[in-house]
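These notes are about the structure you will find just below.
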Amino acid sequence: MVKLIFYGGVNEIGGNKILLEDKRTRVFFDFGQSFTFGADYFTNWLAPRAVNGLGDYFAFDLLPKISGLYSEEMLASTNLPHVEPQFDAVFLSHAHFDHVTHIRFLDPKVPVYVGAGAKLLMESMEETSGLCKYGEHECRKFRTGNIIKVDDITVEPVHVDHSIPAAYGFIIHTSEGSLVYTGDLRMHGPRRDLTEDFMEKAKSCEPIALICEGTRMVEKEKRKNYSESQVKQLSNEVVSSTDNMVFAMRYSRDLDRFRSFYSVAKKNGRKIVVSPKTAYLLCKLLDDEHLDLPNPLKDEAILVYYKRKKSGGFDEKDYYPWERKFMDKMVTHKFVHENQSKLVMDLDFYQFAELIDIKPKQGSQFIHSMSEPFSEEDIEDQVMHNWIDYFRMHFHQLHASGHLNKDQIVELIMCVQPKRVFPVHTENQQLFKEHFSKAQLIEYGKEYVL
Ligand SMILES: [Zn+2]
């Protein structure tokens, strides 16, 4: 008998924790944290205490109390006794927060299967962020084409296009037939071909079930969304029509977006200025020959922006050891101020104070290349606009989502033709039902027999 149980991603965006059981085999697909996780009890700096392991999470039933899953250390201050692992593997679809964060609670003996490129992205996060810890695991890396046998099931990871490199969907062969899990995916990115490959493979296995993401399964989409090539083209229009500074704000690990701005900058005879963190990530990803990203240490079109820290004098000792690697490529606020017509600069929201030093000329351009805010009362969005107005910059909203839109979700399901559909990673399960009578609306922790 094959069973599915959903411990996350149920009526919420992200936080996927999908348990598949086939006879004695028990495997999780993704183990992330949703974007609204724990929001009833925790906000900003009021956060679960690291020292209390799973204690603060169990106090509010934020994570399932499952025996044989978590590490001894994380269970120490809870009343769930630690026992030997009763799970055979956790497969991660990609390195986004909402799919991987909670692996830090897992017993280190449970093997974690992760895409080779996704592993590099996760290492880079741990090495450059004091707050990001995934814990110790026996990591087993995969690529498309690998066939991974875990006791009674066989898992085939297949690449998909998403807003982070090394994203996968899975085809899972069980004793009752094949299942397909989409992970997160899109069709309007630069690697539509990857998603098409996945759909072909998914279709050919005549799946008994499709676990399908539905981030953009909404009645009517209010937020503006472009394709990646439109973002590139519209950004090029912004850059080519100004002699002023251009700032771009994007998700730090969206390397497709980095490539778009990098090529727009080069096309217009400008250089791109990135943070040491981005330079570090680019270096790290050179180890993945499939990604074909520029080397920030060698590429003349890439400069690295150093903020004033500690001494204020750009002394090597002011910076973390991992940041020092790029000091030969260092530019400061003074350089940026003096070369505004020759640069496109990555600027993260939390680095806005640099604008005070850079002093961009009135009429500079600001490209917001991220999702529009979910609510009109978004405080960060208001603050961002206050800064942009203060410095008299022109604002542009140019973003391509990492997810299929509603029509594309329908297209994917029509193409794959599964016997049943389980909607995850969505706030609108009922919309799946409207389109597919075979959609099974899921409840947290409930068993679904296939
Ligand atoms: Zn996601």
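Each ligand, and each atom within it, is numbered from 1 in the order the structure gives.
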Ring-ring centroid check F42 F60, cutoff 6.0 Å:
yes

Cation over ring face, R26 and F87, 6.0 Å, 45°:
yes

Rounded to 10°, how many degrees is the angle NE2/H425-the Zn ion (ligand 1)-NE2/H99?
100°

Look up atom CZ in R186 and atom OG in S227, then write down how far apart they are to the nearest 0.5 Å.
9.5 Å

Just wondering, is there an N, O or S atom on D184 that's nearer than 2.8 Å to the Zn ion (ligand 1)?
yes

Please name the atom of D98, restricted to N, O or S, that is closest to the Zn ion (ligand 1).
OD2

So with a 6.0 Å cut-off around CG of L131, is the heavy-atom count from everything else above 12?
no

